[in-house]
**Q** 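Please read through the structure below; I'll follow up with questions.
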Amino acid sequence: MKIKVLIADDHHVVRRGLLFFLKTQAEIEVIGEAKDGVEAVELAQRLKPDVVLMDLVMPNMDGIEATKKLKEVEPNMKVLILTSFADQDHVIPAIRAGAVGYQLKDVEPDQLVQAIYAVHRGESQLHPKVTSHVFSHLSAHEKKETSLLHTLTNRERDVLTEIANGRSNKEIAAVLVITEKTVKTHVSNIFSKLNVADRTQAALYAVKHGLV
């Protein structure tokens, strides 16, 4: 079974070049070409490629928006970004939109083929120049999450720990020797400060950050 590939790029020369090169690969079949994001989504839904090679800067609909829409209707379809942009403002939104891989157009042809194979297998493939952006973003996200714990008062941390232990408001009140009304106030503050919607999310947050 060949890997079916759809090429989405607004530059005709780029599409032609990719088409001619990928035609030399025995295990890859290019089944379509799109000149913008709108056409990419339409063709992908109709042709059902295994991998979409997606440019980022295109008219009508850019590659990030196209990836997002494509993943909504075809969640199992793999999107490999192929672009000239390696900055964080392009990399992070593309990954958030659902792209499995991110390669630059200066990538060696053989490396692009290996990236297509890897993405098809469900593996993440990032160009070395963009990997640092992803790691720094994840690191910043972790620091932000950790810092949210510092916004809790000592009593709120105590209440959060008991929530994670599965106790009800009434039980927490008994353990901490405070009124149930006070517990409810603490719980409301915890939800607000940690940006969680319910006790389950709060408990998971507590476990993740080592409070229990």
Side-chain angles (χ1 to χ4, degrees), residues 37 54 56-57 61-81 83-104 118-119 122-212:
M54 185 81 75
L56 285 185
V57 180
M61 182 189 294
D62 65 27
I64 291 172
E65 186 64 24
T67 298
K68 190 184 302 181
K69 288 186 178 298
L70 191 54
K71 296 299 287 187
E72 288 174 358
V73 294
E74 299 287 349
N76 295 322
M77 197 171 288
K78 306 298 192 299
V79 176
L80 172 58
I81 301 297
T83 182
S84 303
F85 299 94
D87 59 285
Q88 190 161 331
D89 289 342
H90 287 88
V91 175
I92 301 304
I95 301 300
R96 280 180 176 166
V100 184
Y102 195 110
Q103 294 293 327
L104 300 181
V119 164
E123 301 172 10
S124 179
Q125 281 289 304
L126 301 178
H127 192 285
K129 289 182 180 178
V130 308
T131 304
S132 61
H133 292 316
V134 175
F135 282 136
S136 63
H137 175 75
L138 292 175
S139 176
H141 184 66
E142 281 292 323
K143 287 178 181 176
K144 181 181 179 182
E145 282 201 338
T146 302
S147 69
L148 290 179
L149 284 178
H150 298 313
T151 66
L152 302 182
T153 65
N154 288 336
R155 183 55 88 188
E156 287 167 353
R157 289 170 72 97
D158 292 339
V159 171
L160 178 58
T161 299
E162 297 306 326
I163 290 174
N165 287 330
R167 299 188 194 278
S168 66
N169 286 354
K170 186 175 182 179
E171 291 170 331
I172 294 173
V175 170
L176 299 181
V177 196
I178 54 179
T179 66
E180 193 171 345
K181 182 179 179 180
T182 301
V183 173
K184 288 181 179 178
T185 299
H186 286 321
V187 170
S188 178
N189 290 340
I190 290 167
F191 287 0
S192 177
K193 289 180 178 180
L194 298 185
N195 194 29
V196 296
D198 52 38
R199 298 174 79 90
T200 300
Q201 290 183 12
L204 289 173
Y205 194 101
V207 172
K208 179 180 177 182
H209 293 89
L211 284 187
V212 291

**Q** Is Ile178 close to His186 at the side-chain level, that is, under 4.5 Å between some pair of heavy atoms?
**A** yes
**Q** List the residues meeting side-chain contact (heavy atoms from CB on, under 4.5 Å) with Ala174, not counting sequence neighbours, and say none if there are none.
**A** none
**Q** Out of curiosity, Ile81 CD1 to Ile95 CD1, how far, rounded to the nearest 0.5 Å?
**A** 7.5 Å
**Q** I need the minimum non-hydrogen distance between Thr153 and Glu156, along with the two atoms involved.
**A** N-OE1, 2.9 Å
**Q** Could you measure the distance from the CD1 atom of Ile190 to the OG1 atom of Thr185? Nearest 0.5 Å is fine.
**A** 10.5 Å
**Q** Looking only at non-hydrogen atoms, find the nearest pair between Leu160 and Leu152 and report the distance.
**A** CD2-CD1, 3.8 Å
**Q** Evaluate side-chain contact (heavy atoms from CB on, under 4.5 Å) for Val187 paired with Lys184, printing each intermediate quantity in order.
**A** CA-CA 5 Å; Val187 170; Lys184 288 181 179 178; 5.6 Å; no
**Q** Between Thr83 and His90, is there a side-chain heavy-atom distance shorter than 4.5 Å?
**A** no
**Q** Say whether, by atom type as modelled, one donor and one acceptor occur between the side chain of Gln201 and the main chain of Ala197 under 3.5 angstrom.
**A** yes
**Q** How long is the straight-line distance from OH of Tyr205 back to CZ of Phe191, given to the nearest 0.5 Å?
**A** 14.0 Å
**Q** So which atom in Thr67 and which in Val79 form the shortest heavy-atom distance, rounded to 0.1 Å?
**A** OG1-CG1, 3.6 Å
**Q** Dump the intermediate steps for side-chain hydrogen bond (donor to acceptor under 3.5 Å, both in side chains) on Arg199 and Asn169, then the final yes or no.
**A** CA-CA 11 Å; Arg199 298 174 79 90; Asn169 286 354; 2.7 Å; yes
**Q** Shortest non-hydrogen contact from Leu56 to Ala94?
**A** CD2-CB, 4.4 Å
**Q** Ignoring hydrogens, what is the shortest heavy-atom contact between Ile64 and Ala97? Give both atom names and the distance.
**A** O-CB, 3.6 Å
**Q** Would you mind checking if Glu72 and Lys68 are paired as a salt bridge, meaning a charged N to carboxylate O distance below 4.0 Å?
**A** no
**Q** Please confirm whether the backbone N or O of Asp62 pairs with a side-chain atom of Glu65, one donor and one acceptor, at under 3.5 Å?
**A** no
**Q** If you look at every heavy atom in Thr151 and Lys193, which pair is closest and at what distance?
**A** O-NZ, 2.9 Å
**Q** For the pair Asp198 (side chain) and Thr200 (backbone), establish whether a donor and an acceptor sit closer than 3.5 Å, ignoring hydrogens and angles.
**A** yes
**Q** Rounded to the nearest 0.5 Å, how far does NZ of Lys78 lie from CE of Met54?
**A** 14.0 Å
